[in-house]
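Sequence lines set the chain letters: A, B, ... in the order given, protein chains first and strands last, and positions in each chain run from 1. In this text the structure is predicted, and so the values were computed from the model without any measurement.
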Amino acid sequence: MMNADIHTRLDPFLREMRLPTMRAIYREDADTARRESSTYEEYLFGLVESERQTRHDNRIQRLLKQSRLPLEKTLETFDRGRLPQKVNMQVGTLVDGAFLERRENILPSATPVAARPICCAGSPMSSSRLGAPSTLRPVNCWYRNSLPQKSPSFCRRSSNASPNTMPY
Amino acid sequence: MEVLFTLLAYRYERGSVMITSNLPFSKWETIFKDPMTTAAAIDRLVHHSVILELNLPSYRLEQSKKQTTKREK
């Protein structure tokens, strides 16, 4: 089979299987593999790795968008200098997202005027960047489906984003 | 409270929850009717948790003071 025939048949297959990154790069990667005398396995691994990485990056962007978090507020922009040393260290350990694997809850206890919301925005954003879903939402909106009449409009809007999933 | 309890019970040891409130746990009973359910919810919440005690003066107030000082100069 000629290369052109392969491309003609392969492109629709990759589109059908929803592998857009592989479809975009397989020809160029094949040329590179031929030049560098790579094995078939190495070539295939490169393609799959690229597809996987693109999906991972897209997932993070999608989760950040769904989370409705204030993206401009991050731990990098948060003035941690005023935090007590103990809390500062605790906040630092949250950034790596290991608390998600341990399924630990985060309970910032503060006076109403303290920096609790900003501090809380940072960690879920880190979580989203690590590929874990997160949302920032008032408690009364979490079970919005059970309170359709009472939910404020912004809650109903957010319910359209992920209607069949448990809120995170 | 039952709604919140259901959520916390569902998430317990399955995934993380981050909750902020201006009320300490000792005062949750004043806003939720059922003290038993409230205690059970707090129990699940606190069991595996990191508590950040952020009893600080307001960031907004300090920022506002800085801006006022700059204007006066």
Side-chain angles (χ1 to χ4, degrees), chain A residues 67 69 73 78-84 86-94 97-127 132-147 150 166-168, chain B residues 1-70:
Chain A
S67 72
L69 292 165
K73 291 183 180 176
F78 178 53
D79 178 13
R80 287 167 61 179
R82 291 180 60 203
L83 295 175
K86 185 188 168 192
V87 177
N88 203 352
M89 284 176 66
Q90 284 178 309
V91 171
T93 60
L94 296 179
F99 69 94
L100 292 166
E101 289 170 14
R102 296 193 298 267
R103 293 164 173 80
E104 285 178 349
N105 301 323
I106 310 298
L107 308 172
S109 107
T111 55
V113 294
R116 191 181 61 234
I118 305 170
C119 198
C120 288
S123 294
M125 278 189 66
S126 304
S127 314
S134 62
T135 51
L136 187 64
R137 213 168 274 164
V139 167
N140 63 337
C141 297
W142 283 349
Y143 265 68
R144 57 203 173 255
N145 290 341
S146 61
L147 304 166
K150 294 179 182 174
M166 193 69 188
Y168 287 88
Chain B
M1 185 64 212
E2 279 178 20
V3 168
L4 181 60
F5 175 77
T6 308
L7 172 68
L8 295 177
Y10 178 84
R11 295 293 290 171
Y12 178 63
E13 294 188 336
R14 283 191 182 134
S16 298
V17 174
M18 181 176 283
I19 286 192
T20 70
S21 169
N22 56 0
L23 281 179
F25 292 127
S26 56
K27 290 189 180 174
W28 277 28
E29 283 184 21
T30 60
I31 53 169
F32 297 119
K33 287 179 186 172
D34 185 355
M36 289 282 282
T37 317
T38 306
I42 293 170
D43 198 39
R44 280 161 177 73
L45 198 58
V46 174
H47 187 201
H48 306 291
S49 67
V50 177
I51 298 174
L52 303 172
E53 291 181 17
L54 295 168
N55 294 314
L56 305 165
S58 168
Y59 271 62
R60 292 187 194 93
L61 183 64
E62 183 159 303
Q63 205 172 14
S64 172
K65 278 181 184 172
K66 279 181 185 172
Q67 283 173 351
T68 312
T69 314
K70 274 184 185 175

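Checked by atom type and distance alone, the side chain of A/Asn105 never pairs as donor or acceptor with a backbone atom of B/Met18 at under 3.5 Å. A distance-only check finds no donor-acceptor pair linking the side chain of A/Arg103 to the backbone of B/Ser16 [under 3.5 Å].
With sequence neighbours excluded, the residues that form a side-chain contact (heavy atoms from CB on, under 4.5 Å) with A/Arg102 are A/Ala98, A/Phe99, A/Glu104. With sequence neighbours left out, B/Phe25 forms a side-chain contact (heavy atoms from CB on, under 4.5 Å) with A/Leu107, B/Trp28, B/Ile42, B/Leu45, B/Val46.
With values rounded to the nearest 0.5 angstrom, A/Lys86 atom NZ is found 5.5 Å from B/Glu53 atom CD. In this structure, CG in B/Leu52 is found 6.0 Å from CG in A/Leu94, a value given to the nearest 0.5 Å.
Of all non-hydrogen atoms in B/Thr20 and A/Pro108, the two that sit nearest each other are CG2-CG, 3.9 Å.
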